[in-house]
S.K.: 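One structure coming up, written as structure tokens, with questions to follow.
Naming convention: chains lettered A, B, ... in sequence-line order (proteins, then strands); numbering from 1 in each chain. Here the structure is a predicted model, which means the values were calculated and not measured.
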2 protein chains.
Amino acid sequence: MSSQPRKLSELEGVALGIIYNEQNATAYFVRCKLRAAPSSHWRASAGSVYPLLARLEGEGLVSSTADDDDGRGRKYLEITKKGRAALRSWIKAGVDPDLVSATADPARSRTFFLAALSKKDRVSYVENMLHAMEKYLDETRVHLAGISQKDDLFGYLGALGALTSTEARLEWLKHVQKRLC
Amino acid sequence: MSSQPRKLSELEGVALGIIYNEQNATAYFVRCKLRAAPSSHWRASAGSVYPLLARLEGEGLVSSTADDDDGRGRKYLEITKKGRAALRSWIKAGVDPDLVSATADPARSRTFFLAALSKKDRVSYVENMLHAMEKYLDETRVHLAGISQKDDLFGYLGALGALTSTEARLEWLKHVQKRLC
DNA sequence: CGATGCATGTAAGCTGTTACATGATTGC
DNA sequence: GCAATCATGTAACAGCTTACATGCATCG
């Protein structure tokens with residue numbers, strides 16, 4: 001009976017996963033990766049990432065080696081055996097009903113209250129939203145095009161998920177637009 | 001030059017919208033509505049909703065009338081003119097690029113790190129996820145069927161957005177499943 | 001040689017959560 | 001009459017944010 005490891009938060013899980021995917025990542029690298037990810041809602045601020053990684057290291061999920069010759073004081077992170085086990089648990093815990101249903105969408109939330117806007121404002125709100133989404137969609141497509149299906153299948157599939165999800169939102173919003181007339 | 005009202009948080013905006021949609025709602029009603037909404041990731045705990053509504057009332061966005069005859073101490077909430085203006089600003093602020101891109105999906109996040117699982121575990125993880133999503137999809141369909149397109153167009157459109165978004169996620173996950181073989 | 005980017009970290013605050021506490025009402 | 005639900009609220013804490021602080025490296 002090994003004692004169950006603590007449940008990781010979403011950000012912790014993703015950070016650990018990034019360290020798993022990239023050997024010898026630095027904390028800074030993890031931050032950039034988090035921010036660059038398509039449709040990530042995280043700011044991945046220094047104030048969250050550094051304490052988080054220190055915590056993971058304190059719990060033995062990550063080990064770090066400092067390069068003394070490096071003036072910038074870079075520390076290279078590596079996932080430990082215990083860390084890999086924690087990552088696997090975190091992935092499997094995603095099937096929890098709470099997490100399956102949880103896709104908060106600010107555009108959708110606002111739709112419920114469109115009655116509060118004048119007809120004119122409603123129409124231009126939806127138009128603006130469509131433009132913003134289309135722009136974001138383009139970025140997502142560019143991002144996806146840069147990933148090799150052979151070399152990084154899971155990275156590709158994840159990015160593909162972001163794309164299809166955004167496409168679906170766009171189609172839905174176009175339907176909303178039609179209904180406003 | 002009217003002084004700009006404070007930016008509302010997502011939960012504040014939705015709560016205010018619920019009070020807008022339903023005249024004479026109680027705080028308890030707002031909580032239930034928040035929890036019942038399809039694909040809402042909010043727990044809408046007492047610890048968040050009551051202080052939040054008190055704050056909105058303190059700022060004059062909501063007014064309340066207590067029924068003295070009511071033993072339960074119910075307080076009926078109503079949106080004020082100032083509140084309606086704040087609601088409109090909140091809706092329009094949704095076009096912000098940050099909010100357009102922000103659709104966090106725990107299922108998608110985990111996909112990036114599926115390499116950490118054994119082949120067998122990968123397959124059963126995706127299968128479990130598919131089952132959980134299909135179950136959730138059924139619930140969403142039932143929910144949508146109970147809304148009248150005539151009487152509550154925006155409620156219908158919002159719920160439809162939740163449905164189509166979930167359907168897209170499901171299709172994507174089926175694609176992931178195919179790619180695992 | 002100055003701006004930008006790399007790299008680490010801390011302090012304070014916001015927004016939400018869980019867990020608790022209290023009491024009235026309704027349905028069986 | 002007792003359980004479940006209605007209804008309000010508080011205290012403590014979790015998790016992430018913004019804003020700040022520091023210093024090295026690289027490029028034009």
S.K.: Would you mind reading off the distance between B/D98 atom CG and D/dT17 atom P, rounded to a whole angstrom?
M.R.: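 Result: 11 Å.
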S.K.: Separation of B/K75 atom NZ from D/dT8 atom P, in whole Å?
M.R.: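 Answer to the nearest Å: 8 Å.
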S.K.: Mind checking side chain to side chain contact (heavy atoms under 4.5 Å, CB included) for B/S63 and listing every partner two or more places apart, or none if nothing turns up?
M.R.: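 Applying side chain to side chain contact (heavy atoms under 4.5 Å, CB included) to B/S63 gives B/E78, B/T80.
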S.K.: Among residues two or more places apart or on two chains, list those pairs meeting salt bridge (Lys or Arg N to Asp or Glu O under 4.0 Å) that have a residue in residues 88-111 of chain B.
M.R.: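 Matches after skipping sequence neighbours: A/E10-B/R110, A/R43-B/D98, A/D121-B/K92, B/D105-B/R169.
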S.K.: Specify the closest pair of heavy atoms between A/W42 and A/V14, including all atoms of both residues, with the distance to one decimal.
M.R.: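 Nearest heavy atoms, A/W42 then A/V14: CH2-CG2, 3.7 Å.
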S.K.: Roughly how far, to the nearest 0.5 Å, is CG of A/L16 from CD1 of A/I79?
M.R.: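 A/I79 atom CD1 to A/L16 atom CG measures 4.0 Å (nearest 0.5 Å).
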S.K.: Output a table of nitrogen or oxygen pairs between the protein and nucleotides 11-16 of chain D separated by less than 3.5 Å.
M.R.:
unit_1 : atom_1 : unit_2 : atom_2 : d
D/dC16 : OP1    : A/S9   : OG     : 3.4

S.K.: Among B/K7, B/E59, B/R55, which residue satisfies the side-chain contact (heavy atoms from CB on, under 4.5 Å) criterion with B/E12?
M.R.: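 Result: among B/K7, B/E59, B/R55, B/R55 is the only option passing the side-chain contact (heavy atoms from CB on, under 4.5 Å) with B/E12.
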S.K.: Consider the side chain of B/Y28, meaning its heavy atoms from C-beta on, and name the nucleotide among D/dC6, C/dG9, D/dT10 that approaches it most closely.
M.R.: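 That would be D/dC6.
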S.K.: Nearest whole Å is fine: how far is C/dG16 P from B/R35 CZ?
M.R.: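 Taking atom P of C/dG16 as the reference, CZ of B/R35 is at 15 Å.
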S.K.: Compare every heavy atom of B/W172 with every heavy atom of A/L157, then report the nearest pair and how far apart it is.
M.R.: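 Nearest pair, atom of A/L157 first, then B/W172: O-NE1, 2.9 Å.
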S.K.: Filter on side chain to side chain donor-acceptor pair (under 3.5 Å), then keep only pairs touching residues 142-155 of chain A, sequence neighbours left out; what's left?
M.R.: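 Side chain to side chain donor-acceptor pair (under 3.5 Å) check on residues 142-155 of chain A returns A/Q149-A/Y156, A/Q149-B/R179.
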S.K.: Rounded to whole Å, please give me the gap between CZ in B/R74 and C1' in D/dC6.
M.R.: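 One finds 8 Å between C1' of D/dC6 and CZ of B/R74, rounded.
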S.K.: Between C1' on D/dT18 and OH on A/Y50, what's the gap in Å once rounded to a whole number?
M.R.: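 To the nearest whole Å, that distance equals 16 Å.
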S.K.: Go through the structure and list residues passing side chain to side chain contact (heavy atoms under 4.5 Å, CB included) with B/S64, not counting sequence neighbours.
M.R.: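 Residues passing side chain to side chain contact (heavy atoms under 4.5 Å, CB included) with B/S64: B/E57, B/K75, B/L77.
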S.K.: If I take atom CG in residue A/L53 and atom P in nucleotide C/dT8, what distance separates them, rounded to the nearest angstrom?
M.R.: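 About 9 Å, once rounded to whole Å.
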S.K.: Which heavy atom in A/A27 sits nearest to a heavy atom in A/Y50, and how many Å separate them?
M.R.: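 Distance-wise, the nearest heavy atoms are CB-CE2, 3.4 Å.
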S.K.: Using five base pairs at each end to define the local axes, how bent is the helix from C/dC1-D/dG28 to C/dC28-D/dG1, to the nearest 10°?
M.R.: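 Overall, the helix from C/dC1-D/dG28 to C/dC28-D/dG1 bends by 30° from one end axis to the other.
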S.K.: To the nearest Å, how far apart are B/L34 CG and C/dT17 C1'?
M.R.: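 These atoms are roughly 14 Å apart.
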S.K.: Starting at CG of A/N24 and ending at C1' of C/dA7, how long is that distance when rounded to a whole Å?
M.R.: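 After rounding, the reported distance stands at 16 Å.
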